[in-house]
2 protein chains.
Amino acid sequence: MKELLSVLKISVPSKIYIKDPETSELGKKIIKHSILLLQEIGFENFTFKKLGAKIGSNESSIYRYFESKHKLLLYLTSWYWAWLEYQLVIETFSISDKKNKLEKAIEVVTRETKEDSKYSHINEVILYKIIVNESSKSFLTKEVDVENKEGYFEIYKRLVTRLQQIITEAKPDYKYGFSLASTIIEGALHQCYLKEHFPTITDCKDGETPTDFFNDLVLKLLIDGK
Amino acid sequence: MKELLSVLKISVPSKIYIKDPETSELGKKIIKHSILLLQEIGFENFTFKKLGAKIGSNESSIYRYFESKHKLLLYLTSWYWAWLEYQLVIETFSISDKKNKLEKAIEVVTRETKEDSKYSHINEVILYKIIVNESSKSFLTKEVDVENKEGYFEIYKRLVTRLQQIITEAKPDYKYGFSLASTIIEGALHQCYLKEHFPTITDCKDGETPTDFFNDLVLKLLIDGK
DNA sequence: CAAATATAATAGTAATACTATCAATTGAAA
DNA sequence: TTTCAATTGATAGTATTACTATTATATTTG
């Protein structure tokens, strides 16, 4: 299943980059080390100059791939959502029981990435941490509406819509499928963040995971309830 | 009820500022116009120089109140959470029925601020919009653990804990009171953001509000369920 | 082998995020 | 009423950021 991705390529909206980083060694190095450097120093302190130093390359060369660090972040988040969408589709495709399908879907979108699938230069475990810490910054900007029109958030919206469809199939009369789907996806990241930095205001610790929390929630909300 | 606040002062952890902006005219002007300017140009484009120009004051004078724009954002978010906590306490205090109390609590923490209470220089309607757009940036930084130790997020954590208490009182055997409380508070802001910028992935439109969504959710989850 | 392309090196600009110094103003206490 | 302290303003300066532009040097491809 996972091996499929060594053949398939995760595709990111092409307007996000100037030159596709997948098409060259330098491009792949930029992606690989931007993930590592973002994890190390955070988005606010991250610069192309520092990244250049890390990979023994010039700042100006990186600018030929991405016009700003914001675009690079958009690239990484889009890649992550595409990767997650792929897993959601693969892992739920053949499940016919709608309740089981929903349960699996929640598991896929709320679980912490803990294993690097190693088929590429992208370390998914670290990328997941960057998603938890930085992904909100990719859309919480003054340019969001323009960028949305350009299609930068298509993959994310498609992922939410897929989860909404699975929810609605499991419970057709539920009114808030989209809101529930978007809440689960963002909420799981937030719970993961709280666990790390504000453990006093989450129950996701001591063996309890965001998956447990949201599975319990959705089960009670949609399946058990009257 | 609202008039109480013209006597009481909302108090923000004193380590956040260098000089308390409430103690001078310039300080109040800084707060008032930082809210307006943040709304206008967003946190990334906001600078003390621009704020100085707006209020006819010097950049260096503003630095005497806040050591950075990040600290100013922390001030504004803390102020907002304190204000919300105040409302939560006042509006739920005298409700003895636990279900009603929970319902009111959810209403308070999920409703959009639409009215400026006018007892001060702070425009709560615009501040609410800033919270929706920018509040995540106050904690999604590399310095979060240090700042948390300094107590910068105490009010926020206390607010979540208050909601958790009300949840747990209404349903003592529910395991995820903290996670539910933190999810509701962040989730309501997120739904408000989606409504504005990504309406295709939320149901909060056409008269449906985040309050409706979360009330329905909590009711089914905690009250109706088996 | 030539031509095209990619990368590197260097320089330069305007803005940011401050710090430091000193002068002018105000207001409160002696 | 002076005076002393605190506040604010004005100016200057620094290191860094977020780029753009130009030119030189490799490398790849046709």
Side-chain angles (χ1 to χ4, degrees), chain A residues 14-34 37-38 40-76 121 134 137-138 140-143 146-147, chain B residues 14-34 37-38 40-76 121 134 137-138 140-143 146-147:
Chain A
S14 66
K15 280 196 166 180
I16 289 178
Y17 47 76
I18 299 168
K19 181 182 150 99
D20 186 350
E22 287 296 321
T23 60
S24 76
E25 277 315 303
L26 179 61
K28 285 176 197 160
K29 258 171 111 178
I30 288 171
I31 298 306
K32 177 178 177 178
H33 287 90
S34 67
L37 188 57
L38 274 170
E40 198 183 313
I41 62 175
F43 186 69
E44 281 72 30
N45 304 309
F46 178 96
T47 69
F48 281 177
K49 195 168 193 176
K50 289 175 189 168
L51 177 60
K54 278 261 168 186
I55 62 180
S57 205
N58 199 276
E59 193 189 0
S60 61
S61 303
I62 301 167
Y63 275 106
R64 290 213 187 74
Y65 287 83
F66 295 100
E67 78 183 53
S68 63
K69 69 172 175 175
H70 174 247
K71 287 287 174 77
L72 174 57
L73 181 62
L74 279 171
Y75 182 93
L76 295 176
H121 50 290
E134 320 286 5
K137 298 168 192 168
S138 71
L140 293 176
T141 69
K142 275 282 155 183
E143 296 76 35
V146 178
E147 294 185 346
Chain B
S14 64
K15 279 195 166 179
I16 289 179
Y17 48 74
I18 298 169
K19 181 183 151 96
D20 186 351
E22 287 296 322
T23 60
S24 76
E25 276 316 303
L26 178 60
K28 285 176 198 162
K29 258 171 112 177
I30 288 171
I31 297 307
K32 177 177 178 179
H33 287 90
S34 67
L37 188 57
L38 275 169
E40 198 183 313
I41 63 176
F43 186 69
E44 282 71 29
N45 304 310
F46 177 96
T47 68
F48 282 177
K49 195 168 192 175
K50 290 175 188 167
L51 177 59
K54 278 261 168 187
I55 61 179
S57 203
N58 200 276
E59 195 189 0
S60 61
S61 303
I62 302 168
Y63 274 106
R64 292 209 186 81
Y65 286 84
F66 293 101
E67 77 183 53
S68 65
K69 67 172 175 174
H70 174 246
K71 289 287 176 74
L72 174 57
L73 181 63
L74 279 171
Y75 182 93
L76 295 176
H121 50 289
E134 321 286 5
K137 299 168 192 169
S138 71
L140 293 176
T141 70
K142 274 282 155 184
E143 295 76 35
V146 178
E147 294 186 344

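Each chain gets a letter, A, B and so on, in the order its sequence line appears, and its residues count up from 1.
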Touch class at under 4.0 angstrom, heavy-atom based, for B:Lys49 against every strand present: nothing
Integer-rounded Å distance: C:dA17 P and B:Glu143 CD: 14 Å
Student check: side-chain heavy atoms of B:Leu51 and B:His33 closer than 4.5 Å: yes
B:Tyr65 OH - D:dT7 P separation (whole Å): 7 Å
Rounded interatomic separation in angstrom, taking CZ from A:Phe66 and C1' from D:dC19: 16 Å
A:Phe46 side chain near A:Leu73 side chain, heavy-atom distance below 4.5 Å: no
For atom CG of B:Leu51 and atom P of D:dT8, their distance in whole Å: 14 Å
Sequence neighbours excluded - salt bridge (Lys or Arg N to Asp or Glu O under 4.0 Å) pairs with any residue from residues 14-23 of chain B: B:Lys9-B:Asp20, B:Lys15-B:Glu150
A:Ser24 side chain to A:Tyr65 side chain, donor-acceptor N/O pair below 3.5 angstrom: yes
Given C:dC22, D:dT22, D:dT7, the nucleotide with the shortest approach to the side chain of B:Arg64: C:dC22
Nucleotide D:dA18, atom C1' - distance to NZ of A:Lys69 in whole Å: 9 Å
Within residues 18-28 of chain A, residues whose heavy atoms come under 4.0 Å of DNA chain D: none
Side-chain heavy atoms of A:Leu76 within contact of A:Leu38, under 4.5 Å: yes
Separation between CG of B:Leu26 and OG of B:Ser57, rounded to the nearest 0.5 Å: 4.5 Å
Of residues 54-61 of chain B, the positions that come close to DNA chain C - non-hydrogen atoms, cut-off under 4.0 Å: B:Glu59, B:Ser60
Rounded distance [0.5 Å steps], CG in B:Leu140 versus CZ in A:Phe43: 12.0 Å
Within residues 47-56 of chain A or reaching into it, pairs that qualify as side chain to side chain donor-acceptor pair (under 3.5 Å) - sequence neighbours excluded: A:Glu40-A:Lys54
Name the pairs: protein N/O against N/O of nucleotides 25-30 of chain D, kept only if under 3.5 Å.
none

Gap between atoms CD and C1', on A:Glu44 and C:dA17 respectively (whole Å): 14 Å
Touch class at under 4.0 angstrom, heavy-atom based, for A:Lys50 against every strand present: sugar-phosphate
Salt bridge (Lys or Arg N to Asp or Glu O under 4.0 Å) contacts in which one or both residues fall within residues 58-76 of chain A, not counting sequence neighbours: A:Glu67-A:Lys71
Atom-to-atom span, NZ of A:Lys29 to P of C:dA6 - whole angstrom: 17 Å
Rounded interatomic separation in angstrom, taking CD1 from A:Ile62 and P from D:dC19: 13 Å
Whether over 12 other heavy atoms sit under 6.0 Å from B:Lys28 NZ: yes
Charged N-O contact under 4.0 Å between A:Lys137 and A:Glu44: yes
Close side-chain approach of A:Pro21 to A:Ile31, heavy-atom, < 4.5 Å: yes
Touch class at under 4.0 angstrom, heavy-atom based, for A:Tyr63 against every strand present: base
